[in-house]
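The model shown is predicted, which means the values in this text are computed figures rather than measured ones.
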Amino acid sequence: MDLNWKEKTYEQLTKEELYSILKLRVEVFVVEQACPYPEIDGRDPECLHIWLEDAGRVAAYCRIVPPVEDHNSYSIGRVIVHKDYRGKGTARRLMDKAIQAVETNYNTDHILLSGQEHLRGFYASFGFEEMTGVYLEDGIPHVDMKKNL
């Protein structure tokens with residue numbers, strides 16, 4: 001394995017990197033989860049993109065989404081691990097990288113995320129606390145969570 005963590009702004013991404021990231025997001029969030037929704041949401045140009053690459057293949061990915069309007073709430077979104085890398089601690093390392101990126105790069109005292117309900121315990125293990133009850137987003141149960149820094 002030739003594993004390499006990468007962190008880039010949208011402007012720094014190569015066309016090949018962006019294509020690989022979007023391909024994985026569509027494969028998992030749209031096809032694997034059978035959830036037809038607008039995966040390409042227009043926010044990518046504002047985000048910091050973090051991923052684990054294995055010989056040119058995206059093994060895991062997430063993005064740091066900046067606040068909208070005048071809010072000081074950065075969020076971690078599109079947390080994803082390719083099926084070949086699941087169950088190996090890859091998601092845990094990805095979340096560690098994402099939290100560290102927010103702490104290092106942004107002046108904020110908390111991080112938000114909207115996680116799938118079945119991952120509440122996973123996110124709680126990083127200090128995220130539930131802010132809402134379970135709600136449906138694109139037909140999938142989610143919960144909003146917050147981690148104080």
Side-chain angles (χ1 to χ4, degrees), residues 1-66 68 73-106 110-147 149:
M1 286 189 177
D2 183 21
L3 299 175
N4 185 20
W5 284 102
K6 296 195 173 191
E7 184 177 302
K8 293 185 177 185
T9 64
Y10 183 80
E11 292 79 19
Q12 294 170 325
L13 292 170
T14 67
K15 288 183 285 188
E16 292 79 13
E17 289 168 338
L18 179 60
Y19 179 86
S20 295
I21 287 166
L22 294 175
K23 183 176 185 293
L24 177 62
R25 284 172 29 184
V26 169
E27 283 175 358
V28 174
F29 293 135
V30 178
V31 178
E32 183 181 316
Q33 295 182 355
C35 183
Y37 79 108
E39 169 54 35
I40 312 301
D41 64 359
R43 297 294 313 265
D44 287 312
E46 311 164 55
C47 296
L48 179 65
H49 303 268
I50 301 168
W51 73 99
L52 178 62
E53 190 172 277
D54 184 2
R57 177 184 190 185
V58 178
Y61 167 86
C62 72
R63 68 184 187 179
I64 308 302
V65 184
V68 290
S73 298
Y74 286 84
S75 63
I76 299 172
R78 300 299 200 261
V79 178
I80 189 170
V81 176
H82 188 282
K83 63 182 176 182
D84 294 345
Y85 298 86
R86 295 177 192 158
K88 301 175 182 178
T90 307
R92 182 157 294 284
R93 291 192 305 275
L94 176 63
M95 284 299 296
D96 285 337
K97 293 276 185 188
I99 292 166
Q100 179 184 10
V102 173
E103 291 175 333
T104 301
N105 297 306
Y106 307 107
H110 65 277
I111 307 170
L112 302 178
L113 65 78
S114 172
Q116 293 185 8
E117 177 191 20
H118 72 278
L119 295 171
R120 289 187 299 185
F122 172 71
Y123 293 124
S125 73
F126 293 94
F128 284 89
E129 297 178 357
E130 295 180 33
M131 298 171 39
T132 66
V134 177
Y135 61 92
L136 288 181
E137 183 174 321
D138 300 312
I140 297 175
H142 280 73
V143 63
D144 290 343
M145 302 183 81
K146 177 181 179 180
K147 173 183 175 63
L149 300 176

Residue that, paired with Met95, satisfies side-chain contact (heavy atoms from CB on, under 4.5 Å) out of Ile50, Val79, Thr90: Val79
Arg63 side chain near Ile80 side chain, heavy-atom distance below 4.5 Å: no
Minimum-distance pair of heavy atoms, taken over all atoms of Ser20 and Gly56: OG-O, 4.3 Å
Donor-acceptor pair between Tyr74 and Asn105 side chains, under 3.5 angstrom: no
Atom of Ala98, atom of Ile76 and distance for their closest heavy-atom approach: CB-CD1, 3.7 Å
Nearest atoms (heavy-atom pairs only) where Tyr123 meets Leu113: CD2-CD2, 3.6 Å
Test salt bridge (charged side-chain N to carboxylate O under 4.0 Å, His left out) applied to Glu27 and Lys23, step by step: CA-CA 6 Å; Glu27 283 175 358; Lys23 183 176 185 293; 2.4 Å; yes
From CA spacing to verdict: salt bridge (charged side-chain N to carboxylate O under 4.0 Å, His left out), Glu130, Lys146: CA-CA 7 Å; Glu130 295 180 33; Lys146 177 181 179 180; over 6 Å; no
Mutual orientation of the aromatic rings belonging to His49 and Tyr10 [parallel < 30°, tilted 30-60°, perpendicular > 60°]: tilted
Polar side-chain atom of Ser125 near backbone of Phe122 as donor-acceptor pair, under 3.5 Å: yes
Check: Phe126 and Asp96 side chains under 4.5 Å, non-hydrogen atoms: yes
Side chain to side chain contact (heavy atoms under 4.5 Å, CB included) evaluation trace for Ile64 with Cys47: CA-CA 5 Å; Ile64 308 302; Cys47 296; 5.9 Å; no
Any donor-acceptor N/O pair, Arg43 side chain to Pro66 backbone, under 3.5 Å: yes
Beyond-backbone contact of Tyr106 with Leu48, side-chain heavy atoms, under 4.5 angstrom: yes
Non-hydrogen atoms of Gly133 and Val143 that approach each other most closely: O-CG2, 4.0 Å
Interatomic distance, Met145 atom CE to Lys147 atom NZ [nearest 0.5 angstrom]: 11.0 Å
Validation row: Leu3, Leu52 side chains within 4.5 angstrom (heavy atoms): yes
Salt bridge (Lys or Arg N to Asp or Glu O under 4.0 Å) partners of Glu39, counting only residues at least two apart: Arg25, Arg78
Over 12 foreign heavy atoms within 6.0 Å of OH, Tyr135: yes
Closest heavy-atom pair and its distance - Pro45, Glu11: O-OE2, 3.9 Å
Test item: Trp51 and Leu13 side chains (from C-beta on) under 4.5 Å apart, heavy atoms: yes
Residues Leu24, His82; criterion side chain to side chain contact (heavy atoms under 4.5 Å, CB included); working and verdict: CA-CA 7 Å; Leu24 177 62; His82 188 282; 3.7 Å; yes
Residue pair Tyr85, Asp54: steps toward the side chain to side chain contact (heavy atoms under 4.5 Å, CB included) verdict: CA-CA 10 Å; Tyr85 298 86; Asp54 184 2; 2.7 Å; yes
Glu17 vs Lys8, salt bridge (charged side-chain N to carboxylate O under 4.0 Å, His left out): CA-CA, chis, key distance, verdict: CA-CA 10 Å; Glu17 289 168 338; Lys8 293 185 177 185; 2.9 Å; yes
Between Gln33 and Gln116, a side-chain donor and acceptor under 3.5 Å: yes
Pairwise side-chain contact, Leu94 with Tyr61, heavy-atom cut-off 4.5 Å (strictly under): no
Any side-chain heavy-atom pair of Arg57 and Asp84 under 4.5 Å: yes
Beyond-backbone contact of Ile140 with Cys35, side-chain heavy atoms, under 4.5 angstrom: yes
Separation of Ser114 OG from Glu137 CD (nearest 0.5 Å): 4.5 Å
Distance, nearest 0.5 Å, that separates NE2 of His110 from CD of Glu129: 12.5 Å
From Ile40 atom CD1 to Leu22 atom CG, the distance as rounded to the nearest 0.5 Å: 4.0 Å
